[in-house]
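Everything below concerns the one structure shown next.
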Amino acid sequence: MRNLYLLLWLFLLGQPAALRAQNILMPVGTGSGTNTGCAGTVYDHGGPNNGYAPNQISTLTLRPPDATSRVSLSFTLFQTEENYDFLEIYDGTDSSTPLLARLTGGAGLGQTYTATNVLGALTLRFTSDASAERAGFAATLSCVPVPPSAYVGNVGIGTAQPLEKLQVAGTIYSSQGGVRFPDGTLQTTSALTQQLSLAGTTLSLTGGGSVTLPSDNLGNHTATRNLRLNGSWLSNDGGNEGLRIDNNGNVGIGTDAPQTRLHVNGSVRQDTHNSDLLNIPAGATGSFDWQHRLGYQPTLMIVVDQTGGGGGEYISYSYEHLNNYNIRFYVRNARNSASTFRLRWIRVN
């Protein structure tokens with residue numbers, strides 16, 4: 001039996017790559033990776049049996065094994081949360097290359113994307129938000145030959161398939177004159193060691209030019225770790241007011257020394273709800289329903305408002321939850337004459 005397993009393993013090892021295709025998974029979280037080959041199935045990081053997780057920003061570059069091939073992907077599954085979770089496909093080795101497609105929902109199903117760049121590579125960038133994950137995606141990986149039209153007009157030295165105007169498969173030696181670049185500069189020696197320096201928003205290169213970087217805008221950033229305020233305020237104008245969080249997790253609004261989980265130095269306004277103007281006869285009891293549609297049973301704080309009426313001091317009230325969406329209020333008038341009033345209430349949880 002042991003020899004049988006060994007023969008089977010040797011048989012599979014000798015089969016074409018298509019018969020030994022692997023599952024190729026996107027990296028998890030904010031990871032990145034590279035796969036070189038022309039066979040297999042590319043999945044989101046959940047693989048063939050699981051969906052993807054929330055809060056993903058991962059990148060995978062797919063490269064062909066040689067310069068005569070180009071990577072191609074054909075999608076057999078594509079289900080993401082539409083307009084919130086995306087797969088971007090770039091024609092090159094990173095996300096700075098041309099964007100071929102930005103897929104969401106079911107848009108990728110049945111689609112095929114093939115590299116056109118000289119390296120024959122595709123780069124996938126998958127992003128998901130914090131909720132509502134779907135099944136993910138699966139795509140068959142293959143390679144196609146570089147079309148003959150890619151070599152037309154190109155000159156090859158040492159290669160029969162030049163991918164540039166001049167491609168040399170070997171070392172280039174210049175005994176005199178050097179190399180002139182498209183901007184007109186002549187390079188006669190090896191490149192000098194240059195350094196980058198940053199002063200404010202100016203990025204400079206020794207012996208070269210400089211660029212002015214745009215000012216920072218936190219709205220364009222996605223946090224990948226905890227934000228440390230270091231004893232500072234979170235405020236609209238950068239002043240000493242707004243929100244303060246201490247080392248115990250207490251949150252202060254308008255105070256830099258919160259004493260409880262939420263400490264507000266000032267008044268708090270909350271939207272109120274109110275009934276219609278009620279008129280209850282002497283000694284009578286009445287009720288009315290409120291449909292809040294919250295999906296749970298809130299705790300209420302209730303007051304009697306006598307504006308436009310009178311006798312509210314004789315009113316007693318209570319309420320009960322009919323379900324997670326409706327509340328019934330009960331009112332009783334202990335007065336020997338009719339009372340006119342409104343009930344007003346707020347949610348306290």
Side-chain angles (χ1 to χ4, degrees), residues 1-81 85-97 99-128 133-147 163:
M1 182 63 70
R2 180 178 177 181
N3 292 335
L4 178 60
Y5 286 146
L6 179 60
L7 288 173
L8 180 60
W9 181 82
L10 291 173
F11 171 77
L12 291 174
L13 189 63
Q15 297 306 302
L19 298 180
R20 294 182 281 111
Q22 302 182 32
N23 292 338
I24 304 163
L25 275 57
M26 293 288 297
V28 178
T30 59
S32 61
T34 300
N35 179 83
T36 300
C38 290
T41 303
V42 179
Y43 295 95
D44 59 84
H45 69 273
N49 300 318
N50 299 289
Y52 57 86
N55 302 314
Q56 300 295 301
I57 311 176
S58 61
T59 304
L60 176 65
T61 298
L62 304 171
R63 293 175 176 268
D66 53 61
T68 64
S69 303
R70 292 178 177 176
V71 167
S72 184
L73 280 179
S74 297
F75 285 89
T76 57
L77 168 70
F78 200 94
Q79 295 179 18
T80 68
E81 184 187 11
D85 301 340
F86 298 91
L87 177 67
E88 297 170 335
I89 305 175
Y90 294 90
D91 190 16
T93 57
D94 57 49
S95 57
S96 67
T97 53
L99 180 65
L100 291 180
R102 190 168 192 253
L103 307 175
T104 187
L109 183 62
Q111 300 297 314
T112 297
Y113 299 93
T114 302
T116 64
N117 60 90
V118 296
L119 298 178
L122 291 177
T123 293
L124 309 182
R125 185 174 186 268
F126 181 69
T127 58
S128 63
E133 296 73 49
R134 301 290 188 264
F137 63 86
T140 301
L141 172 65
S142 61
C143 288
V144 299
V146 175
L163 296 174

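In what follows, every heavy atom counts, from backbone to side chain, and hydrogens, waters and symmetry copies are set aside. Numbers here simply count residues along the sequence, with the first being 1.
- Smallest separation of non-hydrogen atoms from F75 and G108: CB-O, 3.2 Å.
- A side-chain donor-acceptor contact under 3.5 Å links T104 to the backbone of E81.
- At least one donor-acceptor pair under 3.5 Å links the side chain of S128 to the backbone N or O of A53.
- Judged by distance alone, with hydrogens and angles left aside, the side-chain atoms of T123 form a donor-acceptor pair with the main-chain N or O of T93 at under 3.5 Å.
- Among residues two or more places apart in sequence or in another chain, the ring-ring contact (aromatic ring centres under 6.0 Å, His included) test is passed with Y90 by none.
- Contact detail for D44 and A135: the closest heavy-atom pair is OD2-O, 3.7 Å.
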(request) Check step by step if side chain to side chain contact (heavy atoms under 4.5 Å, CB included) holds for L141 and L62. (result) CA-CA 9 Å; L141 172 65; L62 304 171; 4.3 Å; yes
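- Heavy-atom minimum distance, P65 versus C143: CD-SG, 4.2 Å.
- The minimum heavy-atom distance linking T41 with A138 is given by the pair CG2-CB, 4.2 Å.
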Could you give the side-chain donor-acceptor pairs of residues 27-37 under 3.5 Å, partners two or more places apart or in another chain?
none

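- Note that the CG atom of N49 and the OH atom of Y43 stand 8.0 Å from one another [nearest 0.5 Å].
- A salt bridge (Lys or Arg N to Asp or Glu O under 4.0 Å) check over residues 105-125, counting only residues at least two apart or in different chains, returns the pairs E88-R125.
- In this structure Y113 satisfies the ring-ring contact (aromatic ring centres under 6.0 Å, His included) test with no other residue, sequence neighbours excluded.
- Between the side chain of D85 and the backbone N or O of T80 there is no donor-acceptor pair closer than 3.5 Å.
- Here the straight-line distance linking atom CZ of R102 with atom OG1 of T127 works out to 6.5 Å at 0.5 Å rounding.
- Residue pairs meeting the salt bridge (Lys or Arg N to Asp or Glu O under 4.0 Å) criterion with at least one member in residues 60-71, sequence neighbours excluded, do not occur.
- How far CG of L87 is from CG of L103: 5.5 Å, rounded to the nearest 0.5 Å.
- By the ring-ring contact (aromatic ring centres under 6.0 Å, His included) test, F126 is found to be paired with Y52, F137, residues two or more places apart in sequence or in another chain being considered.
- Once rounded to the nearest 0.5 Å, the distance linking CD1 of I89 with CG of L122 reads 7.0 Å.
- Exactly one of L124, T112, T114 qualifies for a side chain to side chain contact (heavy atoms under 4.5 Å, CB included) with L73. That residue is L124.
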